[in-house]
J.: 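Below is a structure I'd like to ask you about.
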Amino acid sequence: MSESKDFLRTIVEKDLESGKCKEVVTRFPPEPNGFPHIGHAKSIFINFGIARDYNGHCNLRMDDTNPTKEDTKYVEALEDAVQWLGFDFGDNLYFTSDYFPKIYDYAIKLIKMGKAYVDSLTEEELREYRGMVKEAGKRSKYAERTVEENLNLFERMKNGEFKDGEHVLRAKIDMGAANMKMRDPLLYRIKHAHHFRTGDDWCIYPMYDFAHCLSDYTEGISHSICTLEFENNRDIYNWVLEELELELPRPYQHEFARLGINYTVMSKRKLLELVEGGQVNGWDDPRMPTIAGYKRRGYTPESILNFCDQIGIAKANSMVDVAQLEFCIRDDLNKKVPRVMCVLDPIKVTIQNYDGNEEIDAPYYPHDVPKEGSRKLPFSSEIYIESDDFMENPPKGYFRLTPDQPVRLKHAYIISCKEVVKDTNGNITEIIAEYSPESKSGSDTSGIQVKSAIHWVDAASAKAVEVRVYDRLFKDETPEGIEDINPDSLSVIKDALIEPAVITDKHDDRFQFERQGYFYTDPVDYTDEKPVFNKIVGLKDSWAKKTKASEPKPKPQAKKVQVDGEVVAMSEVQKALFEKYTGEFGLNSEVANILARDEHLSSFYKETLSILNSPVSLANIVVNEVARELKQMQESELKFTTKQIAERVKMVDDETISSKIAKVVFEVMAKSGEDPTQIVEDKGLVQISDPSKILPIIDEIIAKNPDNVAKFKAGNTKLLGFFVGQVLKTTGGKANPKVVNELVAEKLK
RNA sequence: UGGGGAUUCGCCAAGUGGUAAGGCACUAGCUUUUGGUGCUAGCAUUCACAGGUUCGAAUCCUGUAUCCCCAUCCA
């Protein structure tokens, strides 16, 4: 768990504290119409994670209200994903379809209450009547049907007397609602389709907006967490539960931003295109961002979970860098996995001064991984090394084998190049080398200094294996479709050479191939005869970065220029008011502008002015503080009066209280409607301006924070605010900040 | 008659009137028989922009800009 709390947990804690909910119950509610991807993992992590953190529980619920899209194979994949990630839903596996009878009863209830009606418009009419985003819709004439008619029609819908699309059940809300979703949303539609669980029991199915809130309610969900695109649906969610007069506690919906990762796509539609178009080999293709894909690629659940934790939860649409995910899997595997040697692109090396063969004992784990285990490494005069690890004409900074530079064979001897054998085209086919007999790893007395140790395999005993190297699926950071596909996202190496112990020992199913990356024994295609490894992720490669660093270079982007929009002109009346405010009252133009344009504020202001003649201070409080309250409620709902505002302003004007305390007083006032003088008296908030009382506190704080004093004296003048803040904190905000400022500045000079 | 969200470093993201957390990425240096790991240090005088309020503003107020969502009998 990260140290800071996310906004959802903050809400949960608040609800627990206030008693709004007694037990935390969440749910992960996918529609079983596709394979889960890493976005689902985020949702699983959030829902199950929150339930776990607050000793509640989380249900797994299949939201199966659309029979034409859903299937049980997806149910299985979803269950598997949750379990693979390490979460236990126990008996709490539910299906919305189990609630169909209950939801039907609720629909009847709503009809009887006159809050739902059967509509018989065609699909086109329905759309037309809904209106536009900028204009109200109009209600269907069928909305006038009586309760009896509606009951009768709805029953007949259920009984299958109508064809698809002939009728729907709608909530009677408001066809003119600014929120389009509230324009008499559909509750039920007719669908003569076979449901994978309820079979042909039903031919009407509830819509998401009706089924979801009621399913949450019947499961006793406390926090219904979903993604941002459902923000507009929240109104219906609450409407249904409210209008049905369901008993408290009720669930409340909260939304977070869905996960986006660069160089990949996440929508079901686009993923499906990839599978159906043959761009990938099925839903579990290791390049897919699906759980099945990551699983087959060799990602660990721990790494995915850790990733979900690192990226956090917020409401801003965002695109996470895939490097963050890659870091998580490397970080996890680094601590767990045995190191072995595999040469992907072999070149033969003949060690001319070595005779016979031997077996070298080599540990599976490096010094910094506290795990035990080793294997035998056969060694002889014929070996293979990576062709990248030899260069005839090396660039500066190349640490590997060259005609002039010896290199260590990891776990074995130091060799140096004696001769390079080439074919007729000038390609290197073999390297003739010599080894230093005294240089054996662990008992090196040769004194030869090498710059690096490279991996290798013994020619006679190495096994040929297939290695599938995966790269990002798309070449574009924010891919649109298949046109952005990376043509090199998969390269299959048919004849890589691996040390024999990997195949015979079966020490693990994930390995680090030294200096290359992490690899996984493919769970589908791997056999002892034909071993297949999937590349999970490469090691960080700062050499590769260095060699091609010259090309890309970050483009220095100019700071965005702000375009100023147009400001609406003032009416004549407003202009006159503005003139009066700036001229007669001496308000600054900004304050005068706000006041003049807002009828409520200006009338409020006028009233306060008649009580206290302090135009500037009053204007400031009205424009800032009162405006905030007015944003949240009607003028008639305000707890405080103009008289109280005037009173509070007066206290600041005559320095009875500081402006800081004034804020506190205002808050209390806004909440309780108490008189400001009373508040100040009750809480003893009169400000302290006497330096002799403040000085000792300053001394104390200075004594407690020698570091910050030093920083301040070194020129960090921002810290003045820190000291002032500390003084105010210890005095409960009562110290006169102006005085404190002066005194602190004086003290620290 | 439009409404609802969002905006803090290259990418995520804390922060809710008193010293701009953390992770990834990046850049150095040290360690290293993996150009890995580990360790150390450096990376936002500034929070979309412009004003205002305040002793003090990322945080409160006003305005502006940009992006996302909503007009499926999908979820």
Side-chain angles (χ1 to χ4, degrees), chain A residues 2-6 31 33 63 65-66 69 123 126-127 130-137 164-165 168 176-181 183 186 188-191 207-208 212 228-234 255 257 262 310-312 314-321 323-324 327 330 334 339 366-369 397 399 408 410-411 441 444 450 452-455 512 514-516 539-544 546 554 560 562-567 588 590-591 593-594 597 620-621 623-625 627-628 658-660 663 708 711 716 718-726 728-729 736-742:
Chain A
S2 20
E3 289 165 44
S4 50
K5 230 174 299 143
D6 56 79
E31 182 188 13
N33 71 341
D63 208 5
T65 57
N66 186 357
K69 291 185 172 181
E123 210 175 323
L126 213 55
R127 185 162 40 240
R130 195 147 28 215
M132 292 299 195
V133 105
K134 291 189 185 187
E135 67 191 47
D164 286 11
V168 292
N179 177 358
M180 295 287 291
K181 292 263 154 153
R183 321 248 257 226
L186 272 55
Y188 265 91
R189 78 288 213 186
I190 300 169
K191 232 174 216 221
M207 302 289 289
Y208 165 85
H212 204 88
L228 246 29
E229 66 267 29
F230 292 100
E231 275 173 328
N232 295 325
N233 299 61
R234 190 174 58 228
E255 310 87 11
N262 59 9
Q310 283 188 9
I311 57 174
K315 295 190 82 149
N317 290 313
S318 55
M319 185 71 81
V320 178
D321 194 336
Q324 187 105 27
F327 166 82
R330 274 192 208 108
N334 176 50
R339 320 287 142 124
H367 64 96
D368 49 354
V369 175
F399 293 166
R408 171 172 301 280
K410 177 96 182 173
H411 300 302
S441 188
D444 185 353
V450 291
S452 77
I454 62 172
H455 60 280
Q512 184 194 107
E514 294 241 20
R515 305 207 300 136
Q516 311 208 79
L539 256 28
K540 252 178 82 173
D541 190 349
S542 44
W543 170 242
K546 217 172 181 175
K560 277 182 208 154
Q562 179 73 20
V563 183
D564 287 338
E566 272 183 49
V567 177
N588 74 44
E590 177 72 13
V591 172
N593 188 17
I594 298 166
R597 283 169 185 276
N620 284 339
I621 188 172
V623 163
N624 289 289
E625 254 84 337
R628 179 173 62 234
S658 66
S659 58
K660 190 184 177 75
K663 297 258 183 198
N708 282 337
K711 275 197 230 167
N716 190 349
K718 276 186 299 189
L719 253 30
L720 187 66
F722 165 75
F723 289 108
V724 175
Q726 290 297 310
L728 259 64
K729 204 170 162 188
N736 182 335
K738 275 183 209 164
V739 175
V740 174
N741 255 309
E742 281 167 27

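Everything numeric here is computed off the predicted structure, so don't read it as measured data. Every chain is numbered from 1 and lettered A, B, ... according to where its sequence line falls, protein lines coming before strand lines.
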J.: Once you apply a heavy-atom cut-off of 4.0 Å, does A:V168 come out as touching a base, just sugar-phosphate, or nothing?
T.: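 Result for A:V168 = base.
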J.: Can a salt bridge be assigned to the pair A:K69 and A:E31 using a cut-off of 4.0 Å between side-chain N and carboxylate O?
T.: no
J.: Measure from the side chain of A:M319, starting at C-beta and using heavy atoms only, and say which of B:C12, B:A71, B:U37 lies closest.
T.: B:C12
J.: Among B:C74, B:U32, B:G52, which is the nearest nucleotide to the side chain of A:N66?
T.: B:C74
J.: Record whether the side chain of A:N232 comes under 3.5 Å of the base of B:G3 through a donor-acceptor pair of N or O atoms.
T.: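 Looking at the base of B:G3, it does pair with a donor or acceptor on the side chain of A:N232 (distance under 3.5 Å).
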J.: Heavy atoms from C-beta onward define the side chain here; which of B:G35, B:A13, B:A71 lies closest to that of A:K546?
T.: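 For the A:K546 side chain, the nearest candidate turns out to be B:G35.
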J.: Between A:K181 and A:E231, does any NZ, NE, NH1 or NH2 come within less than 4.0 Å of an OD or OE carboxylate oxygen?
T.: no
J.: Less than 4.0 Å between a side-chain N and a carboxylate O, is that true for A:R408 and A:D444?
T.: yes
J.: Is there a side-chain contact between A:T65 and the phosphate of B:A75, meaning an N or O under 4.0 Å from OP1 or OP2?
T.: yes
J.: Output yes when at least one side-chain N/O atom of A:K191 is less than 4.0 Å from OP1 or OP2 of B:C74, else no.
T.: yes
J.: Evaluate the side-chain proximity of A:Q516 to A:H455: yes if any heavy-atom separation is below 4.5 Å, no if none is.
T.: yes
J.: Under 4.0 Å between a side-chain N or O of A:N233 and OP1 or OP2 of B:C69?
T.: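 No, outside the criterion.
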J.: Map every base of RNA chain B to its dot-bracket character, where paired means a Watson-Crick or G-U wobble contact with both distances under 3.5 Å and | marks a partner outside the strand.
T.: .(((((((.[[[..)..(...]]].(((((.......))))).....[[[[[..)....]]]]])))))).....
J.: Are the side chains of A:V168 and A:M207 in touch, meaning some heavy atoms are under 4.5 Å apart?
T.: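 No, side chains not in contact.
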J.: Less than 4.0 angstrom between a side-chain N/O of A:R127 and OP1 or OP2 of B:C70, yes or no?
T.: no
J.: Which listed nucleotide (B:A75, B:C61, B:C55) is nearest to the side chain of A:K660?
T.: B:C55
J.: Send over the distance from A:K410 NZ to B:G36 P, rounded to a whole Å.
T.: 12 Å
J.: Which nucleotide in the list B:U37, B:A71, B:U1 gets nearest to the side chain of A:M132?
T.: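 Output: B:A71.
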J.: Under 4.0 angstrom, heavy atoms only, what part of the nucleic acid is A:A136 near: base, sugar-phosphate, or nothing?
T.: base
J.: Between the base of B:G52 and the side chain of A:N593, is there a donor and acceptor pair under 3.5 angstrom?
T.: no
J.: Please pick, from B:G18, B:U34, B:U72, the nucleotide with the shortest atom-to-atom distance to any side-chain atom of A:R130.
T.: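 Nearest to the side chain of A:R130 among the choices is B:U72.
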J.: Can you figure out which of B:G52, B:U34, B:U37 approaches the side chain of A:K540 most closely?
T.: B:U37
J.: Is a donor-acceptor contact shorter than 3.5 angstrom present between the side chain of A:E123 and the base of B:U72?
T.: no
J.: Is the CE atom of A:M132 crowded by more than 12 outside heavy atoms at less than 6.0 Å?
T.: no
J.: Which part of the nucleic acid does A:S318 contact within heavy-atom distance under 4.0 Å: base, sugar-phosphate only, or nothing?
T.: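 Counting heavy atoms under 4.0 Å across all strands, the contact made by A:S318 is with sugar-phosphate only.
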J.: Out of B:U32, B:A71, B:U53, which nucleotide sits closest to the side chain of A:H367?
T.: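 Closest of the options to the side chain of A:H367: B:U32.
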J.: Is any side-chain N or O of A:R515 under 3.5 Å from a base N or O of B:U34, one able to act as donor and the other as acceptor?
T.: no
J.: On the side chain of A:Q310, is there an atom forming a donor-acceptor pair with the base of B:G22 - under 3.5 Å, no angle test?
T.: no
